[in-house]
Amino acid sequence: MKERLFALSILLATTHISLALSAATEIIISVPDQQLALIDRGKLISKCAFSTSWFGLGEGKGTDLTPLG
């Protein structure tokens with residue numbers, strides 16, 4: 001839950017959105033598309049791109065993988 005709130009705060013700060021979001025707000029992350037979408041009550045509020053490691057997803061010190069958590 002803390003990760004979702006942190007991601008939401010970053011998204012709102014970087015896109016300068018100032019709205020009252022409901023409890024039905026969702027953050028959808030698609031790694032294959034490298035997109036993050038903010039959806040409120042089924043309506044797309046914002047979408048932004050992100051990037052992951054060339055080496056893929058996973059965890060492990062020194063692996064250069066993008067952690068999932």
Side-chain angles (χ1 to χ4, degrees):
M1 183 65 172
K2 287 182 182 180
E3 291 86 10
R4 287 182 77 175
L5 292 175
F6 180 69
L8 178 59
S9 66
I10 290 173
L11 181 64
L12 292 175
T14 59
T15 58
H16 306 292
I17 296 174
S18 176
L19 13 121
L21 299 173
S22 72
T25 302
E26 299 176 83
I27 297 174
I28 308 296
I29 298 172
S30 172
V31 172
D33 298 328
Q34 302 220 346
Q35 292 282 320
L36 181 147
L38 178 63
I39 299 173
D40 186 38
R41 298 180 194 106
K43 181 180 175 186
L44 179 65
I45 303 299
S46 182
K47 186 188 275 190
C48 64
F50 66 90
S51 62
T52 57
S53 170
W54 175 262
F55 300 102
L57 305 175
E59 297 185 28
K61 187 174 182 177
T63 62
D64 292 325
L65 299 172
T66 299
L68 296 173

Query raised in the report: Between Ser46 (side chain) and Leu38 (backbone), is there a donor-acceptor pair under 3.5 Å?
Result: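 Not a single qualifying donor-acceptor pair exists.
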Which residues satisfy the side chain to side chain contact (heavy atoms under 4.5 Å, CB included) test with [X], sequence neighbours excluded?
{"X": "Leu68", "value": "Leu57"}
{"X": "Ser51", "value": "Gln34"}
{"X": "Ala49", "value": "Gln35"}
{"X": "Leu65", "value": "Phe55, Thr63"}

Report task. Say whether Ile29 and Ile45 are linked into one hydrophobic cluster, either directly or through other cluster members, by side-chain heavy-atom distances under 4.5 angstrom. Result -> yes
Query raised in the report: For the atom pair CD1 (Ile28) and CG (Asp33), what is the distance rounded to the nearest 0.5 Å?
Result: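 Going from CD1 on Ile28 over to CG on Asp33, the span is 12.5 Å.
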Query - Distance (rounded to the nearest 0.5 Å) between Lys47 NZ and Leu36 CG - result: 10.5 Å
